[in-house]
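Proteins come first, then strands; the chains are lettered A, B, ... in the order of their sequence lines, and each starts at number 1.
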Amino acid sequence: MSIFIDNTTRLVVQGITGRDGSFHTRQMVEYGTQVVAGVTPGKGGQTFEAVSPEGKPVAVPIFNTVSEAVKATGANTSVIYVPPPYAADAIFEAASSVPLVVCITEGVPVLDMTRVYPFVKERGARLIGPNCPGLISPGRAKVGIIPGRICAEGPVGVVSRSGTLTYEIVYQLTRAGIGQTSCVGIGGDPINGTNFIDCLAAFEADPDTKAVALMGEIGGTDEQEAAEFVRDHMKKPVVGFIAGQTAPPGRRMGHAGAIISGSSGTAAEKIEAFEQCGIGVAKRPLDFVELIRARLSMN
Amino acid sequence: MSIFIDNTTRLVVQGITGRDGSFHTRQMVEYGTQVVAGVTPGKGGQTFEAVSPEGKPVAVPIFNTVSEAVKATGANTSVIYVPPPYAADAIFEAASSVPLVVCITEGVPVLDMTRVYPFVKERGARLIGPNCPGLISPGRAKVGIIPGRICAEGPVGVVSRSGTLTYEIVYQLTRAGIGQTSCVGIGGDPINGTNFIDCLAAFEADPDTKAVALMGEIGGTDEQEAAEFVRDHMKKPVVGFIAGQTAPPGRRMGHAGAIISGSSGTAAEKIEAFEQCGIGVAKRPLDFVELIRARLSMN
Amino acid sequence: MNLHEYQAKDIMRSHGIATPAGDVVTMPEAAAESARKFGGPVMVKAQVHVGGRGKAGGVKFCKTPDEAREKAAAILGMTIKGLTVKKVLIAPAADIASEAYVGIIVDRERKKPVFMVSAAGGIDIEEVAATTPEKIRYHAVDVRYGLMPFEALELGFFLYTDAKLARSAAKVMQQLYAAFMATGCSLAEINPLVVTPAGEVVALDGKMVIDDNEVDRRPDLEALRDADNEDPAEVDAREHNLTFIKLDGNVGCVVNGAGLAMATMDLVKYYGGEPANFLDIGGSSNPEKVVNALRIITTDKNVKAILFNIFGGITRTDDVANGIVTAIKANPLTVPLVIRLTGTNEELAMKILTENGLTASADMDEAVKAAVKVAAGGVAA
Amino acid sequence: MNLHEYQAKDIMRSHGIATPAGDVVTMPEAAAESARKFGGPVMVKAQVHVGGRGKAGGVKFCKTPDEAREKAAAILGMTIKGLTVKKVLIAPAADIASEAYVGIIVDRERKKPVFMVSAAGGIDIEEVAATTPEKIRYHAVDVRYGLMPFEALELGFFLYTDAKLARSAAKVMQQLYAAFMATGCSLAEINPLVVTPAGEVVALDGKMVIDDNEVDRRPDLEALRDADNEDPAEVDAREHNLTFIKLDGNVGCVVNGAGLAMATMDLVKYYGGEPANFLDIGGSSNPEKVVNALRIITTDKNVKAILFNIFGGITRTDDVANGIVTAIKANPLTVPLVIRLTGTNEELAMKILTENGLTASADMDEAVKAAVKVAAGGVAA
């Protein structure tokens with residue numbers, strides 16, 4: 001089992017002919033994801049060529065609009081690789097047609113997100129991102145840009161606000177022989193569609209997930225709320241890490257959301273929340289391996 | 001029993017110091033309605049004088065905002081007598097604080113209502129109107145402008161799109177000794193907060209209501225949908241009337257909603273829907289008396 | 001409030017929609033001059049607030065300035081559905097590759113502005129809706145979010161398979177939506193939306209209807225009104241805060257409230273008469289309104305009897321009685337008057353009427369029957 | 001992106017907010033001239049992108065033009081929190097009856113713009129929030145509907161009991177909200193909002209921070225940037241699509257991805273070192289980026305070792321290796337270099353480095369430990 005995506009995922013790629021979209025579509029197809037459609041307005045009727053895990057050519061049909069693509073192919077998930085000024089519209093379009101939308105685009109204005117967020121909720125859709133690496137359920141499907149070969153099937157759920165840091169930790173877990181049910185990058189922006197709690201709840205409900213690794217960052221209070229959720233609603237063990245312990249206040253550390261405002265959003269208060277709520281604290285990425293291993297062996 | 005308003009109604013009047021607001025507030029208080037607050041920005045702290053049914057002076061406190069009024073008095077219903085350009089904002093304000101909002105104002109732009117409608121729904125509030133006479137539950141409370149003395153307590157629920165036509169019919173019923181549980185004017189505008197079906201469902205659920213009188217008009221398809229609802233979901237008898245049988249197509253008959261567009265919205269098709277769905281058809285207002293009487297005696 | 005084609009096009013142009021330049025003229029010679037200026041074939045189009053101008057002969061294609069003068073002379077002064085043509089629009093005749101339809105109305109069922117678009121434009125859209133409904137696509141706009149770019153593009157692709165045209169059409173959708181909202185419309189329509197041989201998407205005809213409730217709060221919209229092109233009695237009534245619609249019967253009706261006014265007309269018909277009008281004096285009971293109502297009704301020479309039907313709620317019936325007395329003292333009536341009054345201050349009203357030699361009934365059916373009878377030549381009640 | 005006070009006020013003024021006229025000057029004599037023009041006492045205010053100007057001595061009250069010249073001379077060239085003051089704003093000193101605070105921020109928890117208003121203005125709002133939270137009212141705006149008039153008025157009445165002042169303040173709320181949305185802000189603030197003795201509501205100081213993501217798509221906003229008032233290395237980095245923040249340590253870090261960059265800094269600290277910077281080369285692996293990153297880092301004389309930490313996902317590690325080789329061939333390094341590379345094309349990258357006399361580790365902890373050691377004066381790895 002896994003969360004959000006699996007073998008039944010039928011993916012439409014918005015911006016399939018763009019630089020990032022085309023590269024990652026090939027990667028996703030190669031990983032075995034069922035990419036059933038692409039969307040690029042004006043290229044409807046063309047096809048996009050990729051190669052299956054078995055080395056066979058795959059021709060993905062391209063449509064002008066998401067609604068056409070969904071109608072023709074039964075897509076149930078969309079991934080968005082369009083430039084920031086058009087990303088909000090792409091999310092609106094996707095959420096109008098499919099229940100799961102993954103937006104990779106970095107640089108979406110936060111005021112756009114104040115409109116996107118209620119829209120997606122009203123539609124009853126789930127948005128992951130924006131500004132995220134997407135997600136992967138090893139051996140089943142990947143949607144986004146997480147490198148497939150660093151992952152392995154196994155019992156750990158991974159959820160993170162950042163991209164390459166997630167890869168680092170997943171890679172270390174995999175090298176140590178600890179595989180994953182699903183790895184979800186929720187994104188580093190101040191407003192995103194899916195938060196830690198959504199993922200923790202899904203992992204708690206997933207029978208195959210035995211432990212969860214959570215990578216937070218400075219900024220906001222999502223990690224504190226996640227910690228309370230772990231304390232109040234989770235039976236499964238959780239190990240957490242906070243990036244940005246050395247970050248100075250008032251400076252945005254790359255991610256639009258990674259900023260310590262006044263006295264709030266510091267790594268120290270998040271780590272304290274973890275400790276108080278029974279979350280194992282990894283002081284450095286490498287610590288995940290032993291902390292997770294210990295918790296898995298307790299089961 | 002009654003629908004929407006009764007002895008527990010605690011009313012705040014928006015625009016209490018205006019020409020219409022002050023007149024009708026006195027009428028409502030005199031009828032025995034619990035008018036607990038008024039709102040006129042800038043007159044907060046003053047009081048509005050009225051006279052109770054027992055002839056005693058009543059001092060209604062005035063507030064600057066609805067939220068203050070609700071906080072101080074526990075008001076649970078608002079009635080709006082403010083000029084059309086401000087009516088939409090008054091509805092937004094009311095729906096943010098109380099679950100029942102009655103807007104009397106005539107002339108609210110329909111594009112304002114396209115924003116008001118989803119807002120009220122999101123808040124889980126009920127809006128009656130705009131451009132309506134409000135409602136009355138004889139012997140319990142009146143909210144709006146329906147003259148109290150033409151009504152009497154009894155077993156008939158009344159729902160109507162128009163004002164004085166309703167008075168006419170209620171008056172004829174009352175004169176014939178047939179009283180009412182509640183009389184609701186839902187208003188004559190193309191977009192209003194509460195429709196026939198909402199009221200029919202409430203009357204069906206109200207144990208004291210034994211029959212329903214429904215006054216429709218040309219324009220739209222609300223009466224047709226109401227007829228289907230009566231057929232599919234109501235056990236209680238309903239008698240209906242359609243005003244505008246002689247109205248020419250394409251001309252708006254006073255009410256913004258009373259217009260026959262193309263071949264739809266005619267009185268003939270509405271009357272046919274009534275007949276097909278088992279609604280007794282009053283050919284003229286006077287016919288209500290005998291049609292209702294016959295149905296009440298069958299119980 | 002209906003706008004003329006040229007006014008609708010001006011508004012659309014100000015929102016960025018491409019629409020051919022044209023001149024509005026009132027004299028045949030000016031039409032010829034305008035045609036000369038455009039230097040090619042032109043259309044001469046009657047500017048009246050009714051549909052079906054074309055079928056009525058109000059739209060003509062002219063190859064030369066002389067022809068434009070001739071056709072303009074024929075159209076100016078023409079009567080279309082009761083309205084006299086006082087202005088014509090002279091616009092260059094367009095070379096058309098395809099014709100589509102784009103319209104927005106406020107839909108009462110969905111409670112939203114709804115786009116209707118069809119590649120089968122140029123003709124009556126109601127006909128398309130009735131005969132080939134699959135050729136129309138409807139799209140309801142959630143005004144909280146506005147028309148989203150992807151929605152506009154979906155509509156564009158419904159009209160054109162070519163991506164460039166679809167994008168141009170999508171832009172027109174956005175612009176028309178902006179114009180619709182900014183102008184407080186209940187309807188905005190481009191029919192036809194054409195593609196020129198050069199591949200441009202152009203609005204060849206435009207129609208807008210503004211919500212009267214918006215006009216009330218916005219003087220800038222009131223300035224667009226062409227009272228010249230409306231029934232003078234209706235204009236007169238509106239200026240005195242009365243709602244009046246002329247009909248073809250002989251029983252003049254004065255009623256308070258729109259629903260009761262319609263029901264009164266219906267009852268006139270029920271008893272074998274024909275109403276001469278819809279007239280709602282509204283909720284306030286200023287005697288002056290009654291005076292104006294009587295003045296307007298009596299200008300209709302078809303009226304053979306006048307029926308008052310007043311249910312006093314907010315309206316005080318004594319005010320109405322005073323208004324009637326004042327009006328007929330100033331201008332004695334030449335047709336019989338039947339009065340029904342009940343409700344607020346009914347007794348006082350009856351007293352005022354009696355003192356002035358008038359009688360009244362408290363019963364609606366009785367009064368309507370009497371009015372129908374006297375209008376048909378019977379004796380006054 | 002931070003705006004200067006005078007820029008924020010210009011934008012507020014263009015949205016209708018009353019705010020005193022002022023002159024931005026760069027020379028003391030011009031300050032005196034401006035003060036002469038205003039003809040009364042003035043404020044001389046440093047225009048720098050940091051808070052706490054007042055406490056740092058960057059805001060002064062001056063009674064005469066001579067005093068304005070003197071104070072301007074003192075403030076111009078002053079360094080506040082590392083930034084040199086190059087402009088001062090000269091504005092008439094206002095006679096103040098009361099001071100309030102009005103701010104809007106995008107709140108990540110509510111996912112909406114949130115108003116914060118307080119009658120206790122003129123001082124640090126975070127202090128008010130900490131000590132007397134009941135003096136602040138928060139109001140989240142649903143952007144689908146915008147700030148509604150009744151909401152603005154509620155906020156107005158929270159500030160002032162007088163209805164006229166409350167209405168004036170409500171108008172300011174609407175205008176500030178409009179400015180906030182139109183300018184793509186993440187913060188907009190008026191502190192203080194004052195009432196003049198004449199009863200006018202005026203913005204005496206204004207602050208705006210624009211969302212960098214908005215700046216990226218709107219050249220009109222980019223034009224407001226004052227690169228003069230930012231760290232030159234950070235400006236340089238931004239112009240080359242790198243995210244760089246200077247810190248006080250001695251281990252220069254080059255990392256791909258913000259989260260990994262922060263984790264790398266943290267690990268430097270964990271092993272007893274101090275990071276000299278945050279530097280994210282992003283997801284794309286153009287060798288040119290690596291060249292620029294090295295150039296920017298090596299301008300910092302505190303840097304005693306440079307650490308690369310690259311996890312190749314989208315980023316191709318061979319591109320990074322090529323960038324390193326190119327950069328050090330052009331400008332040989334004067335400090336030791338420690339490289340950690342793993343992921344996409346890792347073997348090719350290792351080969352490129354080895355051929356050029358460089359070594360690399362695949363292990364993050366090992367590399368960080370080595371970098372800390374050499375920076376502290378140990379031997380290069």
Side-chain angles (χ1 to χ4, degrees), chain A residues 20 23-24 83-85 106-115 117-119 133 145-147 150 160-168 171-172 188 190-191 215 217-222 225 241-248 250-258 262-263 267 283-286, chain D residues 50-51 105-109 111-113 126 129-130 141-144 180-181 184-186 211-214 216-217 243 245 247-249 255-271 274-275 278 280 282-283 309-315 342-344 363-365 368:
Chain A
D20 291 344
F23 177 80
H24 290 290
E106 180 181 351
V108 181
V110 70
L111 289 180
D112 282 6
M113 288 306 298
T114 62
R115 296 175 73 236
Y117 188 82
F119 183 85
I145 64 176
I146 297 177
I150 63 171
S160 172
R161 260 168 77 181
S162 58
T164 46
L165 173 61
T166 315
Y167 309 167
E168 181 76 45
Y171 181 56
Q172 297 201 9
I191 299 180
M215 286 123 235
E217 287 179 1
I218 51 164
T221 56
D222 284 7
E225 285 145 28
F241 175 78
I242 300 293
Q245 302 173 37
T246 48
R251 302 305 307 268
R252 181 183 134 171
M253 305 306 276
H255 286 176
S263 61
K283 290 196 176 138
R284 45 181 189 155
L286 186 59
Chain D
V50 292
I105 53 153
V106 178
D107 184 78
R108 50 193 295 163
E109 209 174 321
K111 303 179 197 296
K112 288 172 182 168
E126 298 216 348
V141 181
D142 186 334
V143 297
R144 298 172 305 160
F180 180 92
M181 297 302 286
C185 289
S186 48
D211 179 0
D212 289 330
N213 291 339
E214 296 274 1
D216 290 346
R217 69 172 165 187
T243 311
I245 294 169
L247 303 170
D248 296 329
V255 191
N256 65 326
L260 189 59
M262 282 190 278
T264 304
M265 287 159 46
D266 295 347
L267 205 60
V268 166
K269 180 98 176 175
Y270 179 88
Y271 285 118
E274 286 290 342
F278 169 98
D280 175 11
N309 184 13
I310 304 297
F311 196 105
I314 319 167
T315 307
T342 193
T344 312
D363 185 278
M364 177 169 165
D365 284 70
V368 171

Between [X] and chain A, which part of the residue has a heavy atom less than 4.5 Å away: side chain, backbone, both or neither?
| X | value |
| --- | --- |
| D:Asp266 | both |
| D:Tyr270 | side chain |
| D:Ile310 | neither |
| D:Lys112 | backbone |
| D:Asn256 | both |
| D:Asp363 | side chain |

Does [X] reach the side chain of [Y], with side-chain heavy atoms less than 4.5 Å apart?
| X | Y | answer |
| --- | --- | --- |
| D:Met265 | A:Met253 | yes |
| A:Thr221 | D:Glu109 | yes |
| A:Glu217 | A:Leu165 | no |
| D:Met364 | D:Leu260 | yes |
| A:Arg284 | D:Tyr271 | yes |

Could you tell me which portion of [X] (side chain, backbone, both or neither) has an atom closer than 4.5 angstrom to a non-hydrogen atom of chain D?
| X | result |
| --- | --- |
| A:Arg161 | side chain |
| A:Tyr167 | both |
| A:Glu106 | neither |
| A:Phe241 | side chain |
| A:Pro118 | side chain |
| A:Pro147 | side chain |

With D:Asn309 via side-chain hydrogen bond (donor to acceptor under 3.5 Å, both in side chains) - residues at least two apart: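 Only D:Thr264, D:Arg340 meet the side-chain hydrogen bond (donor to acceptor under 3.5 Å, both in side chains) criterion with D:Asn309.
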
Output all residues satisfying side-chain hydrogen bond (donor to acceptor under 3.5 Å, both in side chains) with A:Gln172, sequence neighbours left out; order by chain, then residue number.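 Testing A:Gln172 for side-chain hydrogen bond (donor to acceptor under 3.5 Å, both in side chains), a comparison that skips the adjacent residues, returns A:Glu168.
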
Specify which of D:Leu267, D:Ile245, D:Val106 makes the most heavy-atom pairs with chain A at under 4.5 Å.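 Maximum pair count with chain A is reached by D:Ile245.
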
For chain A, which candidate among D:Val268, D:Val143, D:Thr243 shows the most heavy-atom pairs at distances under 4.5 Å?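 Top count of heavy-atom pairs under 4.5 Å with chain A: D:Val143.
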
Stepwise side chain to side chain contact (heavy atoms under 4.5 Å, CB included) test for A:Met113 and A:Val108: CA-CA 7 Å; A:Met113 288 306 298; A:Val108 181; 4.1 Å; yes

Considering non-hydrogen atoms only, spot the tightest contact between [X] and [Y] and give its length.
| X | Y | result |
| --- | --- | --- |
| A:Ile191 | D:Lys111 | CD1-CA, 3.6 Å |
| D:Phe180 | D:Ile105 | CZ-C, 4.2 Å |
| D:Pro113 | A:Thr114 | CD-CG2, 4.1 Å |

Just so I understand: if I count every heavy-atom pair under 4.5 Å between each of [options] and chain D, which residue has the most?
| options | value |
| --- | --- |
| A:Pro248, A:Gly107, A:Ser160, A:Pro85 | A:Gly107 |
| A:Thr164, A:Asp20, A:Ile146 | A:Thr164 |
| A:Ala247, A:Pro285, A:Ser162, A:Pro190 | A:Pro190 |
| A:Pro109, A:Pro84, A:Ala267 | A:Pro109 |

